[in-house]
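A short write-up of the structure that comes next.
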Amino acid sequence: IMENAWCRLGRGRMIKINFSEETIPIEKISPNPWNPNEQSEFMKERLSKSMERYGQVVEIIVRETTGGSYEIIDGEHRYKEALEQGKGELIVNNLGNIPDDKAKILIMAMNEIHGDRDALKLSKLLNDLSEDESWGIFSEIVPFSALELKTILTLAEDIAAPPLKE
């Protein structure tokens, strides 16, 4: 299914980007040379456990290159993990044949545009999840160390606690 979206290039210029969801053999996909996003060993381990447990739940965003190949715009770490796990194909959002300047803008947008975390909501969410029977598995997937998890979990308790009387 071909869909489209608009992308702002700056100075008021807008371009229309067509994309389609496809399943592509992994050997036809390669990373781009400009990705500024690095991943620590800790995060790599968490991604690995997540993909082992749940598989590929987020598409890799690619563009078409020469010879029927595809270059990653977003999802390089998931791609590398899929390679390590011996996956034969990946689900992608194919943006088609877009030029380098548009690809670079999208790479930066995908890597840098994220929301900010609400610490209290996160703490409440994690407290709810900590009571679930799958907490042990979950705690191995989330991007927090054991100490960070403990600190986040106690935040909601600290805020909910009545003030101390002097």
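We use all heavy atoms of the structure for the numbers below, so side chains are in, but hydrogens, waters and symmetry mates are not.
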Checklist outcome for this item: In terms of heavy-atom contacts, Gly75 and Ile60 come closest through O-CD1, 3.3 Å
Checklist outcome for this item: Residues passing the side-chain hydrogen bond (donor to acceptor under 3.5 Å, both in side chains) test with Ser48, sequence neighbours excluded, are Glu52, Glu81
Next on the checklist: Is it the case that the side chain of Tyr79 and the backbone of Ile29 share a donor-acceptor pair, with hydrogens and angles ignored and the cut-off at 3.5 Å?
Outcome noted: yes
Checklist entry - If you take all heavy atoms of Glu76 and Asn32, which pair is closest and at what distance? => result OE1-O, 4.3 Å
Checklist entry - Which residues satisfy the salt bridge (Lys or Arg N to Asp or Glu O under 4.0 Å) test with Glu84, sequence neighbours excluded? => result Lys44
Checklist outcome for this item: When every non-hydrogen atom of Glu27 is compared with those of Gly88, the smallest separation belongs to OE1-O, 4.1 Å
Next on the checklist: Ser50: which residues meet the side chain to side chain contact (heavy atoms under 4.5 Å, CB included) condition with it, sequence neighbours left out?
Outcome noted: Tyr54, Ile141
Item to check | Donor-acceptor contact below 3.5 Å, side chain Gln39 vs main chain Glu41 | outcome: no
Checklist entry - Do the side chain of Arg46 and the main chain of Pro143 share a donor and acceptor less than 3.5 angstrom apart? => result no
Checklist entry - Can you name the ring-ring contact (aromatic ring centres under 6.0 Å, His included) partners of Trp135, sequence neighbours left out? => result Phe138
Item to check | Flag, side chain of Ser123 to backbone of Ile152, donor-acceptor distance under 3.5 Å | outcome: yes
Item to check | For Glu59, all residues meeting side chain to side chain contact (heavy atoms under 4.5 Å, CB included), sequence neighbours excluded | outcome: Glu21, Ile91, Asn93
Item to check | Any residue meeting side-chain hydrogen bond (donor to acceptor under 3.5 Å, both in side chains) with Ser145, in chain and number order, not counting sequence neighbours | outcome: Glu148
